[in-house]
Amino acid sequence: MEWFIGVIFFIYGIVLGSFYNVVGLRVPNGTFLKEKQSYCYTCQRTLSWKELIPVYSFAAQKGKCRGCGESISFIYPMIELLTGILFVVSYMIFGLTIQTAFSLVVVSMIMIITVSDIAYQKIPNKLLLIFLPILFILKCFIPGTDWLSSLIGAGLAFLLLAVIIFGTKGGMGMGDLKYFMLFGFLFGWPLFFLLFFLSTIYGALINGLLLAGGKVTRKTKVPFGPYIGAAALTVLFFGPSILEWYWSFYR
Ligand SMILES: [Zn+2]
């Protein structure tokens, strides 16, 4: 029975992931409510239902538009697949609890913001403001929530990021600051420190690989949001265990 529920989570994940691509691409430029159908961004041709099956369509078309042959970014099927996998992981770790609902919403927000930040180098306030109240309400129902730790986490995130933004000029922006603050609030201060640490490690590693592979130069502006998202997912699923393991060295 459990594997069956897992499969359902996966299918919902890839279907919603497909929708999150659209949200992430259309909310930042204000076209979310204006455009109804999906179309190719190069030749403007409306896509048929066969071209809208998550993951499968991309594979069947070998990553190219059927009309103009233009390559479709691998980001889209990757977001679909990742959402599916992360929904299953949420279920495997939290079962069927209020924590699962919280986890699914966090995953959804991270996927949408990742698309937006990669496409426009922007983490829109609109997106954060949609998710903040939903996550706040869900958090109220999670037993043992430490609100003081949450406030300290958000405050520390604000101070730390303000210092980084004004001290380094570039690299990180106000969107990153708000994104970090939200996670500081959601996870509390000890996990916020872990999240911040992990995001810089992921950033250094991936940017290093991109540089070495010649995909970017030192001047390319690489969005930081995806690294914050990856760190937040690590903290969401494994944060308490990682902290536990870390403190065990001091006991
Ligand atoms: Zn096309």
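These numbers come from the heavy atoms of this one structure, side chains and all, not from hydrogens, waters or symmetry mates. All ligand and atom numbering here is 1-based and tracks the order in the structure. Here, residue 1 is the first one in the sequence, and each next residue gets the next number.
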- For R45, all residues meeting salt bridge (charged side-chain N to carboxylate O under 4.0 Å, His left out), sequence neighbours excluded: E51
- Which pair of heavy atoms, one from V15 and one from P54, lies closest together, and at what distance? CA-CG, 4.1 Å
- ring-ring contact (aromatic ring centres under 6.0 Å, His included) partners of residues 74-95, not counting sequence neighbours, each pair once: F9-Y91
- Near the Zn ion (ligand 1) (protein N/O/S, cut-off 2.8 Å, waters excluded) we have C40 SG, C43 SG, C65 SG, C68 SG
- Message: Is the distance from the ring center of Y56 to that of W49 below 6.0 Å?
- Response: no
- Message: Show me the pairs that pass salt bridge (charged side-chain N to carboxylate O under 4.0 Å, His left out) and involve residues 233-245, at least two apart or across chains.
- Response: E244-R251
- Item | Aromatic contact, Y39 with Y41 (centres under 6.0 Å) | yes
